[in-house]
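Notes follow once the structure below has been shown.
Just so we're clear, the structure is a prediction, and the values are computed from it rather than from any experiment.
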Amino acid sequence: MMTQQLKAKHEFNEYKWVVNLLNTKFFGSCIDHGSMRKNEKNVFCIDCNLCFCKHCVNGLKTRCCHHHRRLQICRYVYHDVLRLQDIQKHLDCSSIQTYKINGEKAVHLNPRPQQCKDSKPSKLKIYGTYCEACGRHIQDVPNRFCSIACKVSVVSFSFCKENYDDFEGIMNENESSFSSSLDTVEECMQRGNWVTSSLKVKKSVVHKRKGVPQRAPLH
């Protein structure tokens, strides 16, 4: 049981960068290189757990070392995506819907906005399935999620809940030894709740058309 606990804690610390990756706003101008061209921040360093522009990465005085693990964020129809061949080296992207972008497979970081619920469903929705997290239509049936954030919200919640129950049982035997582990799992669950809440689709405001005004009959 102790081995399982340490393994769970190690795995959680190993993937803390994923939450920051999903929460980062990319393609903003870099403050340190505001006067230079192509200064948008579209590089995420896993080891630094920060995003940079290409001038930050390639400069002589850089906080991001050359041996660090980096991800280049791409833009597709105003949404952030990652090349599958880049991200799958560091994160299991199985069951996530992929898209062909410039001849390469890519995955979305976060779910895209959905159409209004009142609108008629497309005929294409007859085929495929739906994302387990946000309910968006997925074209390829074997896949279960439409983005990395959707998979993280489902997998992390199940993982943390399972380990939380284990740690709670251990606490009954030795409360002082495992208090820090419980804090770790509670932090994990809070992060999972953050991802889940970020996936909630905002209710669209539907403005009803005003009815035809009632006019007095002509005499």
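- Qualifying side chain to side chain donor-acceptor pair (under 3.5 Å) partners for S35, counting only residues two or more places apart in sequence or in other chains: none.
- The distance from the CG atom of N39 to the SG atom of C30 is 6.5 Å, given to the nearest 0.5 Å.
- A distance of 9.5 Å separates OG in S29 from NZ in K41, rounded to the nearest 0.5 Å.
- The closest side-chain heavy-atom distance from C48 to H68 is below 4.5 Å.
- With sequence neighbours excluded, the residues forming a side chain to side chain donor-acceptor pair (under 3.5 Å) with N143 are Q97, listed by chain and number.
- Under the rule for a side chain to side chain donor-acceptor pair (under 3.5 Å), the partners of E132 that lie at least two apart in sequence or sit in another chain are R144.
- Partners of Y99 by ring-ring contact (aromatic ring centres under 6.0 Å, His included), not counting sequence neighbours, listed by chain and number: H108.
- Here the closest non-hydrogen pair linking C65 and R70 is O-NH2, 2.7 Å.
- Looking at residues two or more places apart in sequence or on another chain, you find a side chain to side chain contact (heavy atoms under 4.5 Å, CB included) between K38 and E40, K54.
- Interatomic distance, N58 CG to C53 SG, rounded to the nearest 0.5 Å: 8.5 Å.
- With sequence neighbours left out, the side chain to side chain contact (heavy atoms under 4.5 Å, CB included) criterion links D80 to F26, F27, I73, R75, L109.
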Give the table of side-chain donor-acceptor pairs shorter than 3.5 Å for residues 82-90, with sequence neighbours excluded, one pair per line with atom names and distance.
{"unit_1": "R83", "atom_1": "NE", "unit_2": "E104", "atom_2": "OE1", "d": "3.2"}
{"unit_1": "Q85", "atom_1": "NE2", "unit_2": "E104", "atom_2": "OE2", "d": "3.1"}

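- Under the 30°/60° scheme for interplanar angles, the aromatic rings of H55 and H33 are found to be tilted.
- If you chain together ILVMFWY residues whose side-chain heavy atoms come under 4.5 Å of each other, V57 ends up grouped with V43, L50, F52.
- Distance check: N110 CG to L22 CG gives 5.5 Å after rounding to the nearest 0.5 Å.
- Between atom CG of residue N42 and atom SG of residue C51 there is a gap of 9.0 Å, rounded to the nearest 0.5 Å.
- I96 and W17 fall within a single hydrophobic cluster, where Ile, Leu, Val, Met, Phe, Trp and Tyr are joined by side-chain heavy atoms under 4.5 Å apart, directly or via other members.
- In this structure, the salt bridge (charged side-chain N to carboxylate O under 4.0 Å, His left out) partners of R69, at least two apart in sequence or on a different chain, are D47.
- Shown here are the side chain to side chain contact (heavy atoms under 4.5 Å, CB included) partners of D92, two or more places apart in sequence or in another chain: S94, K151.
- When the side chain to side chain donor-acceptor pair (under 3.5 Å) test is applied to N49, the partners found at least two apart in sequence or on another chain are N20.
- The shortest distance between side-chain heavy atoms of C134 and C146 falls below 4.5 Å.
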